[in-house]
Amino acid sequence: MSKYTYIVRNYHAIKEAVIKLDGITVLSGVNGCGKSTLSRWLYYIINGTNNFEKFLYADYKENIRHLVNRMQYACMDLGRYNRQKHEQLRISIDQLYEIVEKLKVVNVDSKEQVNTVYDLFIQALNTTREFLTLAFDENIPEARKARIISYLNQEIKDNDLDKAIKEFYGRNERFISILTNKLYRNLEERPYNTFFESINTHFSIDDKAPSDIHLEEDGVDILETEHISTTFNLQRAIYVDTPMAIGAGETENPFWSALRDMMISEENKSNSIQEKKLLARIKQLLHGEAVLQDDTLFNDKQLRYISSDNKINIDISKVATGFKTFSYLQRLMENGYLNTGTLLMIDEPEAHLHPQWIVEYARLLVMLNKQLGLKIMMASHNPDMVAAIHDIADKEDILDNTNFYAARPAPDTGLYIYHELGHEIGEIFESFNIALENIHRYGAVGIQQ
């Protein structure tokens, strides 16, 4: 089983974090010390490196689709104005429409499909050139001609419309060649800067990337200075910043959207004996389970909570948040996402759990690591959760692969350094005890105005 080290320095509230991801990793610290920041960027890096080729192909197709759509809109506008040649022009517009529809459905995930998109673009370019040559005549006002040509990112010089059309064709023919060659070069070289530009787009990141960020797999940094590698044995990261995400429906939040898609997928996976035992425990705790059912009203799939006695059958969004916390583990496990190739990151899962369920949840996490090889990184403020993870991991003989970190203030900076505690979690409890001291102080002397 591969070992990973995640490093971030001098970014937002983080002075330095060198985090081991061997099995279960627990991060502790005050609000604002950067725990969620660490999780977000680790999510971007793992999923970004594993989907880099997919993102490059998608960007290529999107660029082509955007240009072909502009050609189609320009021709449709001009075709409505020039009625004298309407029937001839309509044929060309229909051809452009067919090309646009083909671009929608083509799945660009190989060089063969790139060739298909390339050919469709050249077809659209030829059709547009022929359309413009036919449609522009003396009945078209000069202002309208200039407007159409300008929309196609071209201009008419010296009133030479034929030259403008020719330059439009030549410029776009060169563009598609440059774009295609750039795609092939990026696929081969996986440039560092292109990678971060790509994940900014696909994860809608509105923040500058850390300048000092690394992810090592078995001692090898996959974020090299100029090129990006990929993790061989870690295929995906799942980030749960709140269990409320699973009832959110359609959303632009990339973490919530990805979690929802995995929960409503229908993998029809045959679960192992270990998985079946863990699933049975979850369903026993919930006195029911999360079930994917057809929603006939909206012709869609809907997650619902169904009690063991079938007396309760409600939308998952309407169940208690603590139920959601166990429900996402159930669905992710059923669909085969919780395995050795996954890192599950969770922010404060105890926030919505009864103390008894905190222990049950901690045990599930330990067993998911021990039996399925799932890697886990968790942020927690709760002493019961931290203690439960520690003691249950010890009992199950996986404490050597369980790491605890505390964020300490770096002197005179306002930033935090994440210190590895090994298995000695006393420092974490000391920080929790500050709250008890405040309670005693306020309880003894009252809150001073």
Side-chain angles (χ1 to χ4, degrees), residues 1-2 4 6 19 21-27 35-52 54-55 199 202-205 215 217 222 230-267 269 271 275 278-279 282 290 292 303 316 321 323-352 361-362 364-380 385 389:
M1 184 180 295
S2 291
Y4 298 86
Y6 174 45
I19 307 296
L21 302 170
D22 294 346
I24 301 176
T25 300
V26 179
L27 307 180
K35 298 187 298 297
S36 296
T37 298
L38 287 171
S39 294
R40 286 197 301 271
W41 278 103
L42 186 53
Y43 178 95
Y44 300 146
I45 296 302
I46 293 174
N47 291 320
T49 55
N50 281 284
N51 290 283
F52 193 21
K54 176 182 175 182
F55 292 166
I199 64 173
H202 287 271
F203 294 127
S204 302
I205 303 172
L215 178 62
E217 182 180 57
I222 68 166
T230 187
T231 51
F232 291 153
N233 299 307
L234 196 56
Q235 282 76 50
R236 73 181 63 83
I238 302 172
Y239 179 34
V240 185
D241 58 352
T242 170
M244 299 295 288
I246 72 173
E250 296 295 337
T251 173
E252 294 183 358
N253 183 306
F255 315 120
W256 294 15
S257 179
L259 179 62
R260 178 183 181 275
D261 289 346
M262 286 185 281
M263 290 187 65
I264 66 174
S265 67
E266 297 179 275
E267 297 294 327
K269 179 183 179 295
N271 294 116
E275 288 172 324
L278 293 173
L279 287 168
I282 292 175
L292 188 66
L303 268 177
I316 199 72
T321 309
F323 276 58
K324 295 184 179 76
T325 301
F326 284 91
S327 294
Y328 67 70
L329 290 181
Q330 175 209 321
R331 288 297 300 168
L332 292 173
M333 200 186 318
E334 286 176 339
N335 289 331
Y337 291 111
L338 303 186
N339 52 45
T340 56
T342 298
L343 171 67
L344 176 65
M345 296 179 289
I346 319 166
D347 275 355
E348 302 174 24
E350 71 276 354
H352 304 280
Y361 189 86
L364 279 171
L365 293 184
V366 169
M367 300 311 293
L368 283 168
N369 173 252
K370 179 179 181 179
Q371 297 184 357
L372 307 185
L374 175 70
K375 287 181 171 59
I376 300 163
M377 187 172 86
M378 180 180 68
S380 177
M385 177 63 78
I389 291 288

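When reading the values below, keep in mind they use all heavy atoms of this one structure, side chains included, and skip hydrogens, waters and symmetry mates.
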Candidate pair Asn233 and Thr340, rule side chain to side chain contact (heavy atoms under 4.5 Å, CB included), full reasoning | CA-CA 8 Å; Asn233 299 307; Thr340 56; over 6 Å; no

If I take atom [atom1] from residue [X] and atom [atom2] from residue [Y], how far apart are they, to the nearest 0.5 angstrom?
X	Y	atom1	atom2	result
Leu364	Thr325	CG	OG1	11.5 Å
Thr49	Tyr44	OG1	OH	14.5 Å
Ser39	Asp347	OG	CG	5.0 Å
Lys375	Asp22	NZ	CG	7.5 Å
Leu21	Met377	CG	CE	6.5 Å
Ile46	Trp41	CD1	CH2	13.5 Å

Within the side chain of [X], is there an N or O that forms a donor-acceptor pair under 3.5 Å with the backbone of [Y]?
X	Y	value
Asn369	Leu374	yes
Asn335	Met262	yes
Tyr337	Leu259	no
Asn271	Met333	yes
Arg331	Ser265	yes
Glu217	Ile222	no
Ser257	Asn253	no
Tyr6	Leu42	yes

Which atom pair, heavy atoms only, marks the closest approach of [X] to [Y]?
X	Y	answer
Ala258	Tyr43	CB-OH, 3.4 Å
Ala290	Glu334	O-OE1, 4.5 Å
Tyr4	Leu215	CB-CD1, 4.4 Å
Ile316	Lys324	O-CE, 3.4 Å
Pro243	His352	CG-CD2, 3.7 Å
Ile199	Ile205	O-CD1, 3.6 Å

* Asked: Quick one: does Val240's side chain get under 4.5 Å of Met345's, heavy atoms only?
  -> no

Query raised in the report: Considering only heavy atoms from C-beta outward, does the side chain of Ile24 approach that of Met378 to under 4.5 Å?
Result: no

query = When you look at Thr242 and Trp256, which way does the side chain to side chain contact (heavy atoms under 4.5 Å, CB included) test go after all the steps?
reply = CA-CA 9 Å; Thr242 170; Trp256 294 15; 3.5 Å; yes

Notebook entry, point to check: Is there a donor-acceptor contact under 3.5 Å linking the side chains of Asn50 and Thr231?
Noted result: yes

(Q) Between Glu350 and Ser380, do the side chains contain a donor N or O and an acceptor N or O under 3.5 Å apart? (A)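 Indeed, the side chains of Ser380 and Glu350 share at least one donor-acceptor pair under 3.5 Å.
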
task: Kindly determine whether Thr37 and Arg40 satisfy side chain to side chain contact (heavy atoms under 4.5 Å, CB included), including the steps that lead there.
output: CA-CA 5 Å; Thr37 298; Arg40 286 197 301 271; 3.3 Å; yes

- Task: In sequence, state the C-alpha distance, the side-chain angles, and the governing distance for Phe55 and Phe203, and then conclude on ring-ring contact (aromatic ring centres under 6.0 Å, His included).
- Result: CA-CA 10 Å; Phe55 292 166; Phe203 294 127; 5.7 Å; yes

Identified side-chain contact (heavy atoms from CB on, under 4.5 Å) partner of Leu332 from the options Leu368, Asn339, Leu338
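Looking at Leu368, Asn339, Leu338, the match for Leu332 under the side-chain contact (heavy atoms from CB on, under 4.5 Å) is Leu338.
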
Given side chain to side chain contact (heavy atoms under 4.5 Å, CB included), test Ile376 with Leu343 step by step and report yes or no. CA-CA 6 Å; Ile376 300 163; Leu343 171 67; 5.7 Å; no

